There are 2 protein chains.
Amino acid sequence: MRQKKVSAANVTVLERLRTAGLRPTRQRLALAKLLFARGHRHVSAEQLFNEAKGHRVDVSLATVYNALHDFTAKGLLREISIDSSSSYFDTNTGNHHHFYFERSGHLEDIDDNQVEIAALPEAPGGAEISRVDVIIRIRA
Amino acid sequence: MRQKKVSAANVTVLERLRTAGLRPTRQRLALAKLLFARGHRHVSAEQLFNEAKGHRVDVSLATVYNALHDFTAKGLLREISIDSSSSYFDTNTGNHHHFYFERSGHLEDIDDNQVEIAALPEAPGGAEISRVDVIIRIRA
DNA sequence: CAAGAATTTTAGAATCGTTCTAAATAACGA
DNA sequence: TCGTTATTTAGAACGATTCTAAAATTCTTG
Ligand SMILES: [Mn+2]
Ligand SMILES: [Mn+2]
Ligand SMILES: [Zn+2]
Ligand SMILES: [Zn+2]
C-alpha cells in the first residue's frame, strides 16, 4: 500500500485510535476523519459508507460496520436504535438526549442540562442503570 | 368456516375491534384476545405468532404483522423500537415509560407519575411533540 | 337470504439492514 | 525482516419485515 499522508487532522485521529487500542489502519483513519472532522453527528452505516465513496475512500461496507462497532466498543461512538429500520451511531458520547423527527428520521442533540429529571424510579432489585435515554418525538 | 363461539371475553374484544373500525375476523379476535386478555404486555410479532400456535390459533405470520400494525394504527397498541433487531408492541397505550433490560431484551412499564420531568426544551421551530419517551436501560 | 363489493388472509417470494465466512492483506513487535 | 496477530474484503447468509396476488371472508344491499 502507498505511503500515508500524515496531516494535522490525521494525527489527532491517529492518536484517538491508538489511545482506544485500535490499530490505525487506512480505513479506520479515513472513517474516523469523516466522523470526527467537525461537530457531533448521527450517522447510519449506509450513510457513512456513501460518504466515504463520495470522498474517494475505498472501503467495504463490512469494514464500515466493523469500524462503527469497534469504535462503539471502545467508547468513541454510541449506538442508538430509535427506528427499527436501522441504527445510528452518535459521535457525541457524553450524557445528552435527542429530538427525533419522525418524518425525516433526523436526530438532534439535546444538551443534558436542558432536561431536568426530578424523579426517577429505582431499578427493580437495585439493578444498575446503564443509561437514561430521553427521546422527544416530533411529528411534523 | 365453523361457527364462532362467542364468550364474554370475546364480546369485549369484538366490541373493541368494531369500535376501532376493524372487522372482527376470526384471526383478529383470537390475536386481540391473546393480547388483551390480562395485564399490559410488550410483545414482538414472532412472540405473538408462537403464542397463537401454542393456543391452536391458526393464523399466518403475515396476518400477525397485519393485525399488529392495524391495531397500532387504530390506537389499540403502541409500537416501540428500542433494540434494532425487532420491534415490540405495547398494549399499554397511555403515557408511561420503560425499563429496558439489555441482557434479556425485556421491557417493563414505569408509570407516568413515577417520572418527573421538571424541564424540557422546546421543540425546534415550535414543532409539535408527539411523545416523550424515557427509557431506563438496565445493564445486568 | 342472495349477490356483489370491499376487506382480509395467506403462502411464499422479495427486501433490506446487518452479520458471517474464510481467504487475502496489512500492522505490529522482536 | 519475519512471524504473529489483527484487519479487510467480497460475497454468502441471515432474520425481521414487507410485498404479492390469489383465495377466502365479511359486510352491504336488495
Ligand atoms: Mn449493532
Ligand atoms: Mn412496523
Ligand atoms: Zn446525539
Ligand atoms: Zn409499556
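Keep in mind the model is a prediction, meaning the values are calculated, not measured.
- Side-chain N/O atoms of A:H69 include none lying less than 4.0 angstrom from OP1 or OP2 on C:dT18.
- Distance from the side chain of B:S87 is smallest for D:dT17 among the nucleotides C:dC28, D:dT17, D:dT9.
- Going from atom CG of B:L61 over to atom P of D:dG15 covers 14 Å, rounded to whole Å.
- Distances shown here put every side-chain N or O of B:R28 at or beyond 4.0 Å from the OP1 or OP2 atom of D:dT25.
- What separates NZ of A:K74 from C1' of D:dA6 is a distance of 12 Å, to the nearest Å.
- Residues B:L61 and B:E46 form a side-chain contact, since some pair of their non-hydrogen atoms from C-beta on lies under 4.5 Å apart.
- Rounded to whole Å, the distance from CZ on B:F89 to C1' on D:dA16 is 11 Å.
- Side-chain contact check for A:D133 versus B:R137: some heavy-atom pair is nearer than 4.5 Å.
- The residue B:D83 sits apart from the nucleic acid: no heavy atom pair falls under 4.0 Å.
- Below 30°, between 30° and 60°, or above 60°: for B:H106 and B:F101 the angle between ring planes is between 30° and 60°, a tilted geometry.
- Rounded to a whole Å, the CZ atom of B:R26 is 10 Å from the C1' atom of D:dT25.
- Taking atom CD of residue A:E46 and atom P of nucleotide C:dG17, one finds them 6 Å apart after rounding to whole Å.
- Checking B:R18 against B:Y88, the closest nucleotide of DNA chain D that is more toward the 5' end is the one next to B:Y88.
- Distances from the side chain of B:T63 to the nucleotides C:dT10, D:dC27, C:dC28 place C:dT10 closest.
- Regarding A:F49, its CZ atom lies at a distance of 12 Å from the P atom of C:dG17, rounded to whole Å.
- Out of C:dT10, D:dT9, C:dT18, the shortest distance to the side chain of A:V59 is found at D:dT9.
- Proximity of B:Y65 to the phosphate of D:dT18: no side-chain N or O atom is located under 4.0 Å from OP1 or OP2.
- Within the structure, every side-chain polar atom (N or O) of A:Q27 is placed at least 4.0 Å from both OP1 and OP2 of C:dT25.
- Listed nucleotides C:dT10, D:dG11, C:dT18 differ in distance to A:A62; the shortest reach to its side chain belongs to D:dG11.
- Between A:I135 and B:V132 there is no side-chain heavy-atom pair separated by less than 4.5 Å.
- Residues A:F36 and A:L77 form a side-chain contact, since some pair of their non-hydrogen atoms from C-beta on lies under 4.5 Å apart.
- Using a 30° and 60° split on the angle between ring planes, B:H98 and B:H96 fall in the perpendicular class, above 60°.
- Taking atom CD of residue B:Q47 and atom P of nucleotide D:dA16, one finds them 11 Å apart after rounding to whole Å.
- Comparing A:S44 and B:D70 by the nucleotide of DNA chain C whose heavy atom lies nearest to each, the residue mapping closer to the 5' end is B:D70.
- Distance, B:D58 CG to C:dT10 P: 7 Å, rounded to whole Å.
- Residue A:N66 is in base contact, counting any heavy-atom pair closer than 4.0 Å across all strands shown.
- Put simply, the side chain of B:R23 and the base of D:dT26 share a donor and an acceptor less than 3.5 Å apart.
- Using a 4.0 Å heavy-atom distance criterion, A:S85 is classed as a sugar-phosphate-only contact.
- When the side-chain nitrogen and oxygen atoms of B:T25 are compared with OP1 and OP2 of C:dT7, none of them lie within a distance under 4.0 Å.
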